[in-house]
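Only this structure's heavy atoms are used, side chains among them; waters, hydrogens and symmetry mates stay out. Each chain gets a letter, A, B and so on, in the order the sequences are listed, and its residues count up from 1. On a predicted model such as this, the values are computed, not experimentally measured, just so you know.
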2 protein chains.
Amino acid sequence: MKWSELSDNWCPVARTLSVVGDRWTLLILRDAYLGKSKFEEFAESSGMTRHILAERLKRLVEEGVLERRLYSSAPKRYDYVLTEKGEELRPALRVMKDWGKKHMPVRREAKA
Amino acid sequence: MKWSELSDNWCPVARTLSVVGDRWTLLILRDAYLGKSKFEEFAESSGMTRHILAERLKRLVEEGVLERRLYSSAPKRYDYVLTEKGEELRPALRVMKDWGKKHMPVRREAKA
DNA sequence: TCCCTGCGTTTTGTTTTGGAACTTATGTCA
DNA sequence: TGACATAAGTTCCAAAACAAAACGCAGGGA
(Lines give C-alpha, C1' and ligand atoms only; values in the text may rest on other atoms or scores of the structure.)
Protein backbone atom coordinates (compact mmCIF):
# COMPACT_ATOMS: atom_id res chain seq x y z
CA MET A 1 0.00 0.00 0.00
CA LYS A 2 1.18 3.51 -0.74
CA TRP A 3 0.84 6.85 0.98
CA SER A 4 -1.70 8.04 -1.52
CA GLU A 5 -3.97 5.08 -0.93
CA LEU A 6 -3.91 5.66 2.79
CA SER A 7 -5.35 9.13 2.40
CA ASP A 8 -8.71 7.69 1.43
CA ASN A 9 -8.82 4.90 3.93
CA TRP A 10 -12.06 4.42 5.86
CA CYS A 11 -10.15 4.92 9.08
CA PRO A 12 -9.48 8.47 10.27
CA VAL A 13 -6.26 7.39 11.97
CA ALA A 14 -4.97 6.04 8.67
CA ARG A 15 -5.90 9.26 6.90
CA THR A 16 -4.05 11.26 9.52
CA LEU A 17 -1.03 9.03 9.08
CA SER A 18 -1.10 9.66 5.35
CA VAL A 19 0.01 13.19 6.24
CA VAL A 20 2.08 12.86 9.41
CA GLY A 21 2.85 9.14 9.48
CA ASP A 22 6.60 9.19 9.37
CA ARG A 23 9.17 10.10 11.92
CA TRP A 24 10.66 13.03 10.00
CA THR A 25 7.34 14.75 9.59
CA LEU A 26 6.58 14.33 13.26
CA LEU A 27 9.99 15.72 14.19
CA ILE A 28 9.27 18.77 12.05
CA LEU A 29 6.05 19.24 13.98
CA ARG A 30 7.89 18.88 17.26
CA ASP A 31 10.24 21.67 16.22
CA ALA A 32 7.37 23.80 15.04
CA TYR A 33 5.71 23.44 18.44
CA LEU A 34 8.99 24.52 19.99
CA GLY A 35 8.82 27.71 17.97
CA LYS A 36 11.16 26.92 15.12
CA SER A 37 10.12 28.01 11.66
CA LYS A 38 13.15 28.27 9.38
CA PHE A 39 14.53 25.66 7.04
CA GLU A 40 17.95 25.77 8.64
CA GLU A 41 16.48 25.49 12.12
CA PHE A 42 14.58 22.36 11.22
CA ALA A 43 17.56 20.90 9.41
CA GLU A 44 19.94 21.43 12.28
CA SER A 45 17.60 20.46 15.07
CA SER A 46 16.23 17.24 13.69
CA GLY A 47 19.32 15.87 11.96
CA MET A 48 17.42 14.97 8.82
CA THR A 49 18.88 15.60 5.38
CA ARG A 50 17.94 18.79 3.55
CA HIS A 51 16.59 16.63 0.77
CA ILE A 52 14.00 14.97 2.95
CA LEU A 53 13.27 18.14 4.87
CA ALA A 54 12.40 20.04 1.71
CA GLU A 55 10.04 17.30 0.59
CA ARG A 56 8.28 17.02 3.92
CA LEU A 57 7.83 20.76 4.28
CA LYS A 58 6.30 20.89 0.84
CA ARG A 59 3.91 18.15 1.74
CA LEU A 60 2.92 19.74 5.03
CA VAL A 61 2.20 23.00 3.24
CA GLU A 62 0.13 21.23 0.60
CA GLU A 63 -1.87 19.57 3.34
CA GLY A 64 -2.42 22.81 5.21
CA VAL A 65 -0.54 21.84 8.34
CA LEU A 66 2.11 24.51 7.82
CA GLU A 67 2.00 27.77 5.96
CA ARG A 68 4.89 29.03 3.86
CA ARG A 69 5.36 32.65 4.74
CA LEU A 70 7.56 35.32 3.21
CA TYR A 71 9.47 36.86 6.08
CA SER A 72 12.08 38.81 4.14
CA SER A 73 11.61 40.31 0.71
CA ALA A 74 15.23 41.11 -0.17
CA PRO A 75 16.62 38.59 -0.25
CA LYS A 76 13.42 36.57 -0.56
CA ARG A 77 13.20 34.20 2.38
CA TYR A 78 10.38 31.94 3.44
CA ASP A 79 9.68 30.17 6.67
CA TYR A 80 7.06 27.73 7.85
CA VAL A 81 4.51 28.40 10.53
CA LEU A 82 1.80 26.23 12.02
CA THR A 83 -1.76 26.68 10.85
CA GLU A 84 -4.71 26.09 13.15
CA LYS A 85 -4.96 22.62 11.59
CA GLY A 86 -1.35 22.00 12.50
CA GLU A 87 -1.84 23.27 16.03
CA GLU A 88 -4.53 20.71 16.58
CA LEU A 89 -2.04 17.87 16.40
CA ARG A 90 -0.05 19.26 19.28
CA PRO A 91 -1.80 17.09 21.88
CA ALA A 92 -0.63 13.96 20.07
CA LEU A 93 2.97 15.07 20.30
CA ARG A 94 2.45 15.90 23.96
CA VAL A 95 1.38 12.33 24.61
CA MET A 96 4.48 11.11 22.82
CA LYS A 97 6.67 13.43 24.85
CA ASP A 98 5.26 12.17 28.14
CA TRP A 99 5.47 8.57 26.97
CA GLY A 100 9.07 9.00 25.92
CA LYS A 101 10.01 10.54 29.25
CA LYS A 102 8.38 7.74 31.15
CA HIS A 103 9.23 4.71 29.03
CA MET A 104 12.28 5.56 26.97
CA PRO A 105 15.13 6.58 29.25
CA VAL A 106 18.31 7.80 27.59
CA ARG A 107 20.97 5.13 27.79
CA ARG A 108 23.87 7.25 26.60
CA GLU A 109 24.24 10.81 25.50
CA ALA A 110 23.68 11.60 21.84
CA LYS A 111 25.40 14.50 20.16
CA ALA A 112 22.45 15.91 18.24
CA MET B 1 20.18 9.89 10.93
CA LYS B 2 19.05 6.33 11.56
CA TRP B 3 16.43 4.74 13.73
CA SER B 4 18.98 3.48 16.20
CA GLU B 5 20.42 6.93 16.76
CA LEU B 6 17.00 8.37 17.44
CA SER B 7 16.49 6.08 20.42
CA ASP B 8 19.08 8.01 22.42
CA ASN B 9 18.12 11.48 21.33
CA TRP B 10 17.83 14.11 24.04
CA CYS B 11 14.21 14.68 23.05
CA PRO B 12 11.57 12.36 24.48
CA VAL B 13 9.41 12.78 21.38
CA ALA B 14 12.28 11.57 19.21
CA ARG B 15 12.83 8.59 21.48
CA THR B 16 9.16 7.71 21.24
CA LEU B 17 9.34 7.97 17.49
CA SER B 18 12.27 5.57 17.43
CA VAL B 19 9.71 2.94 18.46
CA VAL B 20 6.42 4.01 16.90
CA GLY B 21 7.52 6.57 14.33
CA ASP B 22 6.27 4.99 11.17
CA ARG B 23 2.85 4.58 9.76
CA TRP B 24 2.79 0.79 9.81
CA THR B 25 3.66 0.59 13.47
CA LEU B 26 0.98 3.11 14.31
CA LEU B 27 -1.56 1.19 12.26
CA ILE B 28 -0.67 -1.95 14.21
CA LEU B 29 -1.35 -0.03 17.40
CA ARG B 30 -4.64 1.21 16.03
CA ASP B 31 -5.70 -2.37 15.36
CA ALA B 32 -4.50 -3.46 18.77
CA TYR B 33 -6.66 -0.77 20.38
CA LEU B 34 -9.56 -2.09 18.32
CA GLY B 35 -9.05 -5.49 19.91
CA LYS B 36 -7.12 -7.29 17.20
CA SER B 37 -4.25 -9.48 18.26
CA LYS B 38 -3.49 -12.05 15.57
CA PHE B 39 -0.94 -11.80 12.78
CA GLU B 40 -3.56 -12.44 10.13
CA GLU B 41 -5.88 -9.86 11.62
CA PHE B 42 -3.24 -7.16 11.48
CA ALA B 43 -2.20 -8.17 7.99
CA GLU B 44 -5.70 -8.06 6.59
CA SER B 45 -6.86 -4.95 8.38
CA SER B 46 -3.94 -2.68 7.67
CA GLY B 47 -3.03 -3.75 4.17
CA MET B 48 0.66 -3.95 4.97
CA THR B 49 2.81 -6.76 3.69
CA ARG B 50 3.44 -9.77 5.92
CA HIS B 51 7.11 -9.02 5.58
CA ILE B 52 6.86 -5.60 7.18
CA LEU B 53 4.27 -6.73 9.68
CA ALA B 54 6.53 -9.46 11.04
CA GLU B 55 9.38 -7.02 11.46
CA ARG B 56 7.29 -4.38 13.18
CA LEU B 57 5.68 -6.85 15.56
CA LYS B 58 9.10 -8.12 16.54
CA ARG B 59 10.24 -4.61 17.23
CA LEU B 60 7.18 -3.75 19.28
CA VAL B 61 7.68 -6.86 21.37
CA GLU B 62 11.36 -6.05 21.91
CA GLU B 63 10.37 -2.59 23.07
CA GLY B 64 7.71 -3.87 25.42
CA VAL B 65 4.77 -2.27 23.67
CA LEU B 66 3.22 -5.61 22.76
CA GLU B 67 3.57 -9.01 24.34
CA ARG B 68 3.85 -12.18 22.29
CA ARG B 69 1.55 -14.70 23.84
CA LEU B 70 1.04 -18.41 23.15
CA TYR B 71 -2.65 -18.84 22.64
CA SER B 72 -2.68 -22.35 21.22
CA SER B 73 -0.17 -25.07 21.97
CA ALA B 74 -1.02 -27.52 19.20
CA PRO B 75 -0.47 -26.17 16.70
CA LYS B 76 1.72 -23.57 18.34
CA ARG B 77 0.21 -20.16 17.69
CA TYR B 78 1.16 -16.79 19.07
CA ASP B 79 -0.67 -13.51 19.13
CA TYR B 80 0.20 -10.00 20.25
CA VAL B 81 -1.44 -8.13 23.07
CA LEU B 82 -0.90 -4.64 24.41
CA THR B 83 1.16 -4.16 27.52
CA GLU B 84 0.49 -1.34 29.97
CA LYS B 85 3.25 0.57 28.21
CA GLY B 86 1.45 0.06 24.92
CA GLU B 87 -1.88 1.12 26.39
CA GLU B 88 -0.38 4.43 27.39
CA LEU B 89 0.00 5.49 23.78
CA ARG B 90 -3.70 5.15 23.15
CA PRO B 91 -4.40 8.85 23.77
CA ALA B 92 -2.04 9.80 20.95
CA LEU B 93 -3.98 7.65 18.52
CA ARG B 94 -7.20 9.14 19.79
CA VAL B 95 -5.95 12.60 18.90
CA MET B 96 -5.05 11.36 15.43
CA LYS B 97 -8.48 9.79 15.02
CA ASP B 98 -10.25 13.03 15.91
CA TRP B 99 -7.90 15.05 13.73
CA GLY B 100 -8.47 12.75 10.78
CA LYS B 101 -12.23 12.97 11.18
CA LYS B 102 -12.13 16.73 11.29
CA HIS B 103 -9.43 17.56 8.77
CA MET B 104 -9.12 14.64 6.39
CA PRO B 105 -12.47 13.93 4.77
CA VAL B 106 -12.69 10.88 2.54
CA ARG B 107 -12.72 11.95 -1.10
CA ARG B 108 -13.59 8.56 -2.57
CA GLU B 109 -14.20 5.15 -1.12
CA ALA B 110 -11.21 2.88 -0.67
CA LYS B 111 -11.57 -0.89 -0.74
CA ALA B 112 -9.39 -1.75 2.24
C1' DT C 1 36.26 41.05 -5.33
C1' DC C 2 35.56 36.98 -2.57
C1' DC C 3 33.31 34.87 1.04
C1' DC C 4 28.96 34.32 3.79
C1' DT C 5 23.98 33.22 4.65
C1' DG C 6 19.55 30.99 3.76
C1' DC C 7 16.98 27.85 1.08
C1' DG C 8 16.78 24.68 -1.36
C1' DT C 9 18.19 20.92 -5.67
C1' DT C 10 21.09 17.36 -7.70
C1' DT C 11 23.81 13.36 -7.64
C1' DT C 12 25.30 8.82 -6.27
C1' DG C 13 25.13 4.86 -3.74
C1' DT C 14 22.84 2.26 0.21
C1' DT C 15 18.73 0.74 2.74
C1' DT C 16 14.00 -0.18 3.12
C1' DT C 17 9.85 -1.49 1.17
C1' DG C 18 6.29 -3.82 -1.84
C1' DG C 19 4.48 -7.88 -3.84
C1' DA C 20 4.15 -12.44 -4.33
C1' DA C 21 5.51 -17.10 -3.62
C1' DC C 22 7.13 -20.43 -0.29
C1' DT C 23 7.54 -23.01 4.47
C1' DT C 24 6.17 -25.41 8.65
C1' DA C 25 3.12 -27.60 11.63
C1' DT C 26 -1.21 -29.16 12.44
C1' DG C 27 -6.27 -29.83 11.63
C1' DT C 28 -10.27 -31.37 8.82
C1' DC C 29 -12.97 -33.67 5.56
C1' DA C 30 -14.08 -37.79 2.64
C1' DT D 1 -5.03 -42.25 3.54
C1' DG D 2 -4.74 -38.17 0.56
C1' DA D 3 -6.14 -33.46 -0.61
C1' DC D 4 -6.95 -29.24 1.10
C1' DA D 5 -7.16 -25.53 4.76
C1' DT D 6 -5.24 -22.42 8.37
C1' DA D 7 -1.98 -19.46 11.00
C1' DA D 8 2.24 -17.46 11.36
C1' DG D 9 5.79 -16.40 9.52
C1' DT D 10 10.26 -16.38 5.77
C1' DT D 11 12.49 -15.69 1.33
C1' DC D 12 13.27 -13.50 -3.08
C1' DC D 13 13.75 -9.69 -6.28
C1' DA D 14 12.60 -5.26 -8.21
C1' DA D 15 11.14 -0.62 -7.01
C1' DA D 16 11.05 3.20 -4.03
C1' DA D 17 12.89 5.90 -0.29
C1' DC D 18 16.74 7.54 1.99
C1' DA D 19 21.64 9.40 3.46
C1' DA D 20 25.50 12.11 2.56
C1' DA D 21 27.63 15.45 0.37
C1' DA D 22 28.21 18.66 -3.33
C1' DC D 23 26.12 22.20 -6.04
C1' DG D 24 23.05 26.46 -7.29
C1' DC D 25 21.31 30.93 -6.57
C1' DA D 26 20.29 35.41 -4.87
C1' DG D 27 21.58 38.85 -2.25
C1' DG D 28 24.86 41.10 1.80
C1' DG D 29 29.05 42.50 3.81
C1' DA D 30 34.30 43.26 4.22
Side-chain angles (χ1 to χ4, degrees), chain A residues 1-7 9 14 17-28 31-32 35-62 66-81 110-112, chain B residues 1-7 9 14 17-28 31-32 35-62 66-81 110-112:
Chain A
M1 192 190 276
K2 295 154 206 145
W3 276 77
S4 50
E5 296 177 42
L6 215 50
S7 67
N9 197 280
L17 292 176
S18 77
V19 180
V20 298
D22 77 291
R23 83 195 134 125
W24 297 132
T25 301
L26 289 165
L27 284 178
I28 290 171
D31 286 345
K36 301 191 200 308
S37 69
K38 300 201 183 62
F39 190 94
E40 299 296 331
E41 289 176 329
F42 292 124
E44 186 183 7
S45 159
S46 65
M48 84 185 81
T49 66
R50 319 168 69 69
H51 181 75
I52 299 298
L53 174 58
E55 191 192 82
R56 293 298 192 279
L57 287 173
K58 199 171 127 202
R59 181 169 181 77
L60 287 170
V61 169
E62 279 168 7
L66 296 179
E67 189 193 333
R68 189 165 185 262
R69 183 186 61 172
L70 184 73
Y71 75 90
S72 157
S73 41
K76 273 201 163 67
R77 298 264 191 265
Y78 297 89
D79 68 351
Y80 300 86
V81 292
K111 56 271 154 196
Chain B
M1 192 191 276
K2 294 154 207 146
W3 275 79
S4 50
E5 296 177 42
L6 215 50
S7 67
N9 197 280
L17 293 176
S18 77
V19 180
V20 298
D22 77 292
R23 79 195 137 126
W24 297 134
T25 300
L26 289 165
L27 284 178
I28 291 171
D31 286 344
K36 300 193 201 309
S37 70
K38 299 200 183 65
F39 190 95
E40 299 296 330
E41 289 176 328
F42 292 124
E44 186 182 9
S45 160
S46 65
M48 86 186 81
T49 65
R50 319 168 67 67
H51 182 75
I52 299 298
L53 175 57
E55 193 193 81
R56 293 297 193 278
L57 286 173
K58 197 170 127 203
R59 182 169 181 75
L60 287 171
V61 169
E62 279 167 7
L66 296 180
E67 190 194 332
R68 190 165 184 260
R69 183 185 61 173
L70 185 73
Y71 75 90
S72 156
S73 42
K76 272 203 163 62
R77 298 260 191 266
Y78 296 90
D79 67 354
Y80 300 86
V81 294
K111 56 273 156 195

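Summarising the geometry, the separation between CD on B/Glu40 and P on D/dG9 is reported as 9 Å, rounded to the nearest angstrom. Across the protein-nucleic acid pair, A/Ile52 atom CD1 and C/dT15 atom P stand 15 Å apart, rounded to whole Å. Look at CD on A/Glu55: it is 12 Å from C1' on C/dT9, rounded to the nearest Å. The separation between B/Arg23 atom CZ and D/dA17 atom C1' is 11 Å, rounded to whole Å. In this structure, A/Ile28 places its CD1 atom 14 Å from P of C/dC7, rounding to the nearest Å. Put simply, OH on B/Tyr78 is 12 Å from P on C/dT26, counting in whole angstrom units. Regarding A/Tyr71, its OH atom lies at a distance of 14 Å from the P atom of D/dG27, rounded to whole Å. Between the P atom of D/dC18 and the CG atom of B/Asp22 lies a distance of 11 Å, rounded to the nearest Å.
Here B/Lys76 lies out of heavy-atom contact (under 4.0 Å) with every strand. Contacts of A/Glu41 with the nucleic acid, taken as non-hydrogen atoms under 4.0 Å apart, are absent.
In this structure, the side-chain hydrogen bond (donor to acceptor under 3.5 Å, both in side chains) partners of B/Arg68, at least two apart in sequence or on a different chain, are B/Tyr80. With sequence neighbours excluded, the residues forming a side-chain hydrogen bond (donor to acceptor under 3.5 Å, both in side chains) with B/Asp31 are B/Ser45, listed by chain and number. Among residues two or more places apart in sequence or in another chain, the side-chain contact (heavy atoms from CB on, under 4.5 Å) test is passed with A/Lys58 by A/Glu62. For B/Ser73, the side-chain contact (heavy atoms from CB on, under 4.5 Å) test picks out B/Leu70, with sequence neighbours left out. Remark: B/Ser18 pairs with no residue by the side-chain hydrogen bond (donor to acceptor under 3.5 Å, both in side chains) rule, at least two apart or across chains. Applying the salt bridge (charged side-chain N to carboxylate O under 4.0 Å, His left out) test to A/Arg77 and every residue at least two apart in sequence or in another chain returns nothing.
The shortest distance between the side-chain N/O atoms of B/Arg56 and the OP1/OP2 oxygens of C/dT17 is below 4.0 Å. Residue A/Trp24 has no polar side-chain atom (N or O) positioned under 4.0 Å from OP1 or OP2 of D/dA17. An OP1 or OP2 oxygen of D/dA7 is reached within less than 4.0 angstrom by no side-chain nitrogen or oxygen of B/Tyr80.
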Write out a two-atom table: protein N or O, nucleotide N or O from nucleotides 10-15 of chain D, distance below 3.5 Å.
{"residue": "D/dT11", "atom": "O4", "partner": "B/His51", "partner atom": "ND1", "Å": "3.4"}

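Considering only heavy atoms from C-beta on, B/Val19 stays 4.5 Å or farther from B/Thr25 through its side chain.
To the nearest 0.5 Å, atom CG of residue A/Asp79 and atom CZ of residue A/Arg69 are 4.0 Å apart.
Axis deviation across the helix from C/dT1-D/dA30 to C/dA30-D/dT1 amounts to 0°, comparing end segments of five pairs, rounded to 10 degrees.
Pairs of residues two or more places apart, or lying in two chains, that qualify as salt bridge (charged side-chain N to carboxylate O under 4.0 Å, His left out) and include a residue from residues 48-57 of chain B are B/Asp22-B/Arg56, B/Glu40-B/Arg50.
When each of B/Ser37 and A/Pro75 is assigned the nucleotide of DNA chain D with its nearest heavy atom, B/Ser37 is the one assigned upstream, toward the 5' end.
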